[in-house]
Amino acid sequence: LCLIRVGLVLYTVTVMSAIFMFSSQSGEKSGSLSGEMLRILLGWLGIDGPAELVELLHLLLRKFAHFSIYALLGIGVMGTALTFEGKSWKKFLLALVICAGYAAADEFHQLFVGARCGSPLDVMLDSCGAVCGCGVTVAARWLWRRMRGRHKTWDNRGSYLGTGSL
């Protein structure tokens, strides 16, 4: 368990470092990086559209990146939290507070980076990604325990019958 916890902490710190690194890029550099990724993706898919469509897809790609990286952060923070004793719902709330706090700090940091601005909407989007990451982690843990036969068995009336096995 200790080794798993250390691995999850290292994973979480790595994701946080990547977020900080991306946020430290100037607006021009960040835009050109995501723009180049979009051009490669569109070329690979064989899509060639008007400039307005490409601009819209560029915006969607950037927002998807926000959501996704914070989903990864949510997985790490929630996974780490689950290695400690306590109620799962409290760990879930703590993980969300940590992720949302990091998102807010990240957007604040962007206020001081050239051609960037912090956005409360991005904090909300990042937090939604974190909710999904935390939720996926809890669901994966539940599924893992269920498959391993370490789950509680309940009858039709909600009475506890003991630990079941599959």
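None of the values given here were measured: they were computed from a predicted structure.
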I'd like to know if V97 and V77 are part of one continuous hydrophobic network [Ile/Leu/Val/Met/Phe/Trp/Tyr, side-chain heavy atoms within less than 4.5 Å].
no

With clusters defined by side-chain heavy atoms of hydrophobic residues (ILVMFWY) lying less than 4.5 Å apart, directly or transitively, does M147 cluster with W142?
yes

Name the atoms and distances for all side-chain donor-acceptor pairs under 3.5 Å in residues 64-73, with sequence neighbours left out.
| residue | atom | partner | partner atom | Å |
| --- | --- | --- | --- | --- |
| H66 | ND1 | D126 | OD1 | 2.8 |
| S68 | OG | F64 | O | 2.8 |

Gap separating the CG atom of L61 from the CG atom of L41, nearest 0.5 angstrom:
7.5 Å

Quick one: are P50 and L53 in side-chain contact, heavy atoms under 4.5 Å?
yes

Residue pairs meeting side chain to side chain donor-acceptor pair (under 3.5 Å), one or both in residues 41-55, sequence neighbours left out, come to none

Besides M78, the hydrophobic cluster formed by Ile, Leu, Val, Met, Phe, Trp and Tyr side chains linked at under 4.5 Å, directly or via other members, contains L82, F92, L96, V131, V138

Is there a path of hydrophobic side-chain contacts, each under 4.5 Å between heavy atoms, that joins M21 and I19?
yes

Which residue pairs pass the side chain to side chain donor-acceptor pair (under 3.5 Å) test when at least one of the two sits in residues 4-22, sequence neighbours left out?
R5-T83

What's the separation between atom NZ in K63 and atom NE2 in H58, rounded to the nearest 0.5 Å?
10.5 Å

For residues 98-115, which side-chain donor-acceptor pairs fall under 3.5 Å, sequence neighbours excluded?
| residue | atom | partner | partner atom | Å |
| --- | --- | --- | --- | --- |
| Y102 | OH | M16 | O | 2.8 |
| D106 | OD1 | S23 | OG | 2.2 |
| D106 | OD2 | S23 | OG | 3.2 |
| D106 | OD2 | Q110 | NE2 | 3.4 |
| E107 | OE1 | S119 | N | 2.9 |
| Q110 | OE1 | R116 | NH2 | 3.3 |
| Q110 | NE2 | S23 | OG | 3.3 |

If you group Ile, Leu, Val, Met, Phe, Trp and Tyr by side-chain heavy-atom gaps below 4.5 Å, do L57 and L45 land in one group?
yes

Distance col, row T137:OG1 vs I75:CD1, nearest 0.5 angstrom, shows 5.0 Å

Hphob cluster co-occupancy, L59 + L125, side-chain heavy atoms under 4.5 angstrom:
no

Can you sort out the partners of L10 under side-chain contact (heavy atoms from CB on, under 4.5 Å), two or more places apart, ordered by chain and number?
V6

